[in-house]
2 protein chains.
Amino acid sequence: MSTDLLSIGAFARLCRLSVKQLRHYDELGLLPPKRVDAATGYRYYGRDQVRDAMAIALLRGFDVPLSSIARMLGGDRGVQDAVLRAEQRRLEERIAAQRRAWQALERLVAEGLLHQEVALSREPERRLLVCSAECAPEEIGAAMGRCVEQVTAAAAGLEWSPPLWGRFPVDLRERVAVAVGVAAPTAAPVPGTRVEHLPGGLAATALHTGPYEQLFLTYQAVFAWVHERALRPRGSVYEEYLDDPRTTDPAGLRTRIVVPLHEEE
Amino acid sequence: MSTDLLSIGAFARLCRLSVKQLRHYDELGLLPPKRVDAATGYRYYGRDQVRDAMAIALLRGFDVPLSSIARMLGGDRGVQDAVLRAEQRRLEERIAAQRRAWQALERLVAEGLLHQEVALSREPERRLLVCSAECAPEEIGAAMGRCVEQVTAAAAGLEWSPPLWGRFPVDLRERVAVAVGVAAPTAAPVPGTRVEHLPGGLAATALHTGPYEQLFLTYQAVFAWVHERALRPRGSVYEEYLDDPRTTDPAGLRTRIVVPLHEEE
DNA sequence: CCTGGTCCCTCCCCCCGTGGGAGAGTCCAG
DNA sequence: CTGGACTCTCCCACGGGGGGAGGGACCAGG
């Protein structure tokens with residue numbers, strides 16, 4: 001039984017792994033040979049190691065990292081399932097990210113790299129009814145939705161101009177805000193909302209047509225345009241939502257991007 | 001104009017790249033600074049390099065390799081589109097592979113790692129009407145389909161037993177074949193098909209239930225079982241398709257896997 | 001003019017998993 | 001006993017960076 005040992009080459013052929021891989025897994029302690037000749041360093045594997053080796057080959061085929069494989073080989077069925085589930089979730093996220101990347105590439109093919117039209121404009125002062133929230137970068141959609149609800153509820157009794165506004169800090173990861181313009185000075189806003197005075201002034205603006213998910217592409221173009229001209233962004237960036245996402249096809253959603261600038265020439 | 005140069009740090013902040021990245025891109029010749037101070041080695045970038053730098057940042061965000069980005073920056077619009085399209089196709093393939101991996105992981109969670117039941121059996125001799133084809137590994141499905149058509153057409157006038165067979169070389173990448181069993185010795189097979197005698201004998205068999213795409217999982221389990229017992233596969237492996245993929249849900253498709261073995265104990 | 005803080009330089013090592021190759025030693029069948 | 005196939009260790013490479021050491025450069029304030 002224990003005399004029936006395989007050399008690394010024979011074992012590699014059986015398990016469809018390369019000799020290099022087996023040596024690497026030995027180094028990591030992932031699959032140490034059953035016996036190592038002390039004099040020559042030759043590695044000898046047992047038949048009962050075939051199953052583990054083939055499991056490694058299988059999982060590596062799905063790009064499961066060796067560290068996860070190590071946890072699985074060392075654990076019982078419960079651990080294995082947990083690790084597999086975790087790998088599945090990682091895979092889901094990667095797939096989602098790659099689908100977004102695919103869509104973005106599609107748009108880049110359609111309109112070229114950072115070629116959107118950008119204009120210099122002078123924005124008027126605005127009085128806004130604001131609801132803001134702090135959120136992680138991937139929850140922006142949900143946080144925005146909640147703010148929209150609050151702000152439209154608060155504005156229901158007031159006189160307000162239709163386009164909805166969103167404000168974002170330039171470096172992200174701070175506070176996002178949703179606002180509507182209000183005509184008259186308002187005395188008692190609903191709790192959670194407040195009235196803010198948005199100063200006007202010089203700004204770079206661009207019109208993004210397409211899903212909100214791809215807004216960042218137009219932002220990138222606007223910032224390229226701004227920095228090329230040695231203009232300096234000032235404070236937070238904001239967006240004007242010209243269409244209603246509930247009634248407009250995402251591909252046709254128009255959003256006006258506004259990047260406020262310092263006045264100096 | 002040319003006096004308005006930015007230090008690497010300032011340029012990095014503008015373009016949302018790290019200083020390390022910019023130095024790396026310089027080394028690769030991807031984005032050499034407009035001026036490098038000969039005495040100090042300090043890198044200075046021009047405003048007109050912001051666009052390229054931001055394009056790099058954007059594309060790296062989609063995991064486009066730097067070599068592809070280099071081709072795009074050096075090329076005109078046509079080249080850019082071609083490279084973008086190529087990246088899209090690479091992305092599609094990766095997504096498809098990852099979805100297959102996800103499905104496979106799902107199956108592994110359901111039934112454990114390489115835990116299928118395997119049995120030792122003695123297969124009878126068989127006389128088969130065979131159609132074979134050479135094909136790349138990813139076209140196996142299509143090649144099999146064509147063979148199935150040919151073989152069923154050829155067998156239409158004959159007396160044949162229902163289960164369809166598929167044969168594959170162990171190391172793949174050779175010839176695949178589709179066959180049906182025929183009862184009587186047949187004289188004149190349709191061109192492109194021939195009658196073969198499949199020797200019987202010892203074999204390891206397992207029943208795979210699920211889509212053909214995941215057959216390799218059960219194969220892996222069978223080979224693990226075989227090699228653990230120091231049995232030696234002999235010649236090509238074959239499969240018996242017990243259900244009709246046109247009328248059965250893929251999740252329920254039963255396939256009997258047969259791995260012929262050398263007789264010795 | 002000096003000084004200190006912040007910038008920037010190069011160089012090296014690290015990640016992950018694997019392939020390639022050099023140079024030397026080992027195994028086994030003829 | 002010999003030759004070819006096998007195996008060993010050690011180093012380098014990939015891609016796309018991050019981290020940090022050690023040392024020079026820049027610039028504003030005193």
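A note on names: the letters A, B, ... follow the listed sequences, proteins ahead of strands, and every chain is numbered from 1. What you see is a predicted model, and the numbers here were worked out from it, not measured in a lab.
Put simply, B/S18 has no side-chain N or O that comes within less than 4.0 Å of OP1 or OP2 on D/dG17. The phosphate of C/dC16 (OP1 or OP2) has no side-chain N or O of A/S67 nearer than 4.0 angstrom.
The shortest side-chain heavy-atom distance between A/L73 and A/L30 falls under the 4.5 Å cut-off. With a 4.5 Å cut-off on side-chain heavy atoms, B/T218 and B/L207 do not count as touching.
In this structure, A/R23 has no side chain to side chain donor-acceptor pair (under 3.5 Å) partners at least two apart in sequence or on a different chain. Shown here are the side chain to side chain contact (heavy atoms under 4.5 Å, CB included) partners of B/P260, two or more places apart in sequence or in another chain: B/R234, B/Y238. Partners of A/E93 under the side chain to side chain contact (heavy atoms under 4.5 Å, CB included) rule, at least two apart in sequence or in another chain, do not exist in this structure. Residues passing the ring-ring contact (aromatic ring centres under 6.0 Å, His included) test with A/Y212 are A/Y241, sequence neighbours excluded. Residues passing the side chain to side chain contact (heavy atoms under 4.5 Å, CB included) test with A/Q21, sequence neighbours excluded: A/L17, A/S18, A/Y25.
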Next item on the list: For A/R85 and B/E106, run salt bridge (charged side-chain N to carboxylate O under 4.0 Å, His left out): C-alpha distance rounded to whole Å, both residues' side-chain angles, the deciding distance at 0.1 Å, then the answer.
Entry: CA-CA 8 Å; A/R85 284 292 182 207; B/E106 186 69 24; 3.2 Å; yes

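Atom CD of A/E117 sits in a sparse spot, with 12 or fewer heavy atoms from other residues, nucleotides or ligands closer than 6.0 Å.
B/I69 places its CD1 atom 13 Å from the P atom of D/dG15, with the value rounded to the nearest Å. Nucleotide D/dC8 holds its P atom 10 Å from the CG atom of A/L22, rounded to whole Å. Between the CG atom of A/L5 and the C1' atom of C/dT26 there is a distance of 17 Å, rounded to whole Å. B/Q21 places its CD atom 13 Å from the C1' atom of D/dG15, with the value rounded to the nearest Å. In this entry the distance linking CD1 of B/I8 with P of C/dC7 reads 13 Å, nearest Å.
At its two ends the helix from C/dC1-D/dG30 to C/dG30-D/dC1 runs along axes set 30° apart, each axis drawn from five pairs and the angle rounded to 10°.
Note on A/R43 versus A/D37: no salt bridge recorded, every NZ/NE/NH1/NH2 to OD/OE distance being 4.0 Å or above. Of the charged side-chain nitrogens involved, at least one lies within less than 4.0 Å of a carboxylate oxygen, so that B/D81 and B/R77 count as a salt-bridged pair.
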Kindly list each side-chain donor-acceptor pair under 3.5 angstrom involving residues 57-69 of chain A, sequence neighbours excluded, with atom names and distances?
unit_1 : atom_1 : unit_2 : atom_2 : d
A/R60  : NH1    : A/V64  : O      : 2.8
A/S68  : OG     : A/R71  : NH2    : 3.4
A/S68  : OG     : A/E87  : OE2    : 2.8

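Scanning all heavy atoms of the two residues, the minimum distance from B/A55 to A/L114 falls at N-CD1, 3.7 Å. The heavy-atom pair separating B/G75 from B/Q80 by the smallest distance is O-NE2, 3.8 Å. Nearest heavy atoms, A/W225 versus A/A204: CZ3-CB, 4.0 Å.
Between A/L66 and B/S7, it is B/S7 whose nearest contact on DNA chain C lies nearer the 5' terminus.
Contacts between residues 87-96 of chain B and DNA chain D, defined by a heavy-atom separation below 4.0 Å, involve no residue at all. Near-neighbour residues of DNA chain C inside residues 23-30 of chain A, defined by a heavy atom below 4.0 Å, number-ordered: A/H24, A/Y25. Within residues 38-62 of chain A, the residues having any heavy atom closer than 4.0 Å to DNA chain D are, in order of number, A/T40, A/G41, A/Y42, A/R43.
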Polar atom pairs (N or O), protein with nucleotides 21-23 of chain D, under 3.5 Å:
none

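Residue pairs meeting the side-chain hydrogen bond (donor to acceptor under 3.5 Å, both in side chains) criterion with at least one member in residues 94-103 of chain B, sequence neighbours excluded, are A/E92-B/W102.
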